[in-house]
Amino acid sequence: MAFNYNHITLVGRLTKEPEIRTLSSGTSKTTITLAVNRSFKREDGTHETDFIPVIFWGRLSELAYQILKKGAPVLTWGRIQVRQYEKESETHWMTEIVADNFQILEK
């Protein structure tokens, strides 16, 4: 019996304005980067921060592009996706979140 479950929930702030692209198929793709603080503190009292790329597809992509703004606190959930690609004869790995939905946490 195989057990497979890929789900992630993140709360963070947008580091920059969302970027939207329309692919040749007509599907839209919006990309954001969430800054998410780690729960532990350094010796100087500051938190380390992870910068996590999040992708929205289709109608959700269009909504995210229209609604989300730099600095906004956002709750998002979806799945982790790891992919590889070739660039200049080198293999690169990319880890990103493919979002199922999102919620803005303040107006």
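Just so we're clear, the structure is a prediction, and the values are computed from it rather than from any experiment.
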How close do [X] and [Y] get, counting heavy atoms only, and between which atoms?
X     : Y     : answer
Leu60 : Ala99 : CD2-O, 3.9 Å
His47 : Arg42 : O-NH1, 3.9 Å
Tyr65 : Glu19 : CD1-C, 4.5 Å

Nearest 0.5 Å, please: how far is [atom2] in [Y] from [atom1] in [X]?
X     : Y     : atom1 : atom2 : result
Ile55 : Arg79 : CD1   : CZ    : 9.0 Å
Leu34 : Thr49 : CG    : OG1   : 12.0 Å
Asn37 : Glu48 : CG    : CD    : 10.0 Å

Ignoring hydrogens and geometry, is there a side-chain-to-backbone donor-acceptor pair from [X] to [Y] under 3.5 Å?
X      : Y     : value
Thr22  : Thr27 : no
Ser28  : Gly58 : yes
Gln81  : Glu96 : no
Ser61  : Thr30 : yes
Asp100 : Trp77 : no

>> What I'd like to find out is whether the side chain of Ile80 reaches to under 4.5 Å of the side chain of Ile97, using heavy atoms alone.
In response: yes
>> For a salt bridge (Lys or Arg N to Asp or Glu O under 4.0 Å) check, start with the C-alpha distance between Arg59 and Glu62, then their side-chain angles and the critical distance, and finish with the verdict.
In response: CA-CA 5 Å; Arg59 180 67 182 132; Glu62 296 165 18; 3.2 Å; yes
>> Less than 3.5 Å apart, any donor N or O on the side chain of Thr9 or His7 sitting next to an acceptor on the other?
In response: yes
> So Asp50 and Arg38, salt bridge (Lys or Arg N to Asp or Glu O under 4.0 Å) or not? Walk me through it.
Replying inline: CA-CA 7 Å; Asp50 292 307; Arg38 295 183 182 176; 2.7 Å; yes
> Which residue, Leu68, Leu63, Val98, forms the side-chain contact (heavy atoms from CB on, under 4.5 Å) with Phe56?
Replying inline: Leu68
>> If you count heavy atoms of other groups shown closer than 6.0 angstrom to NZ of Lys69, is the number above 12?
In response: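 Yes, enclosed.
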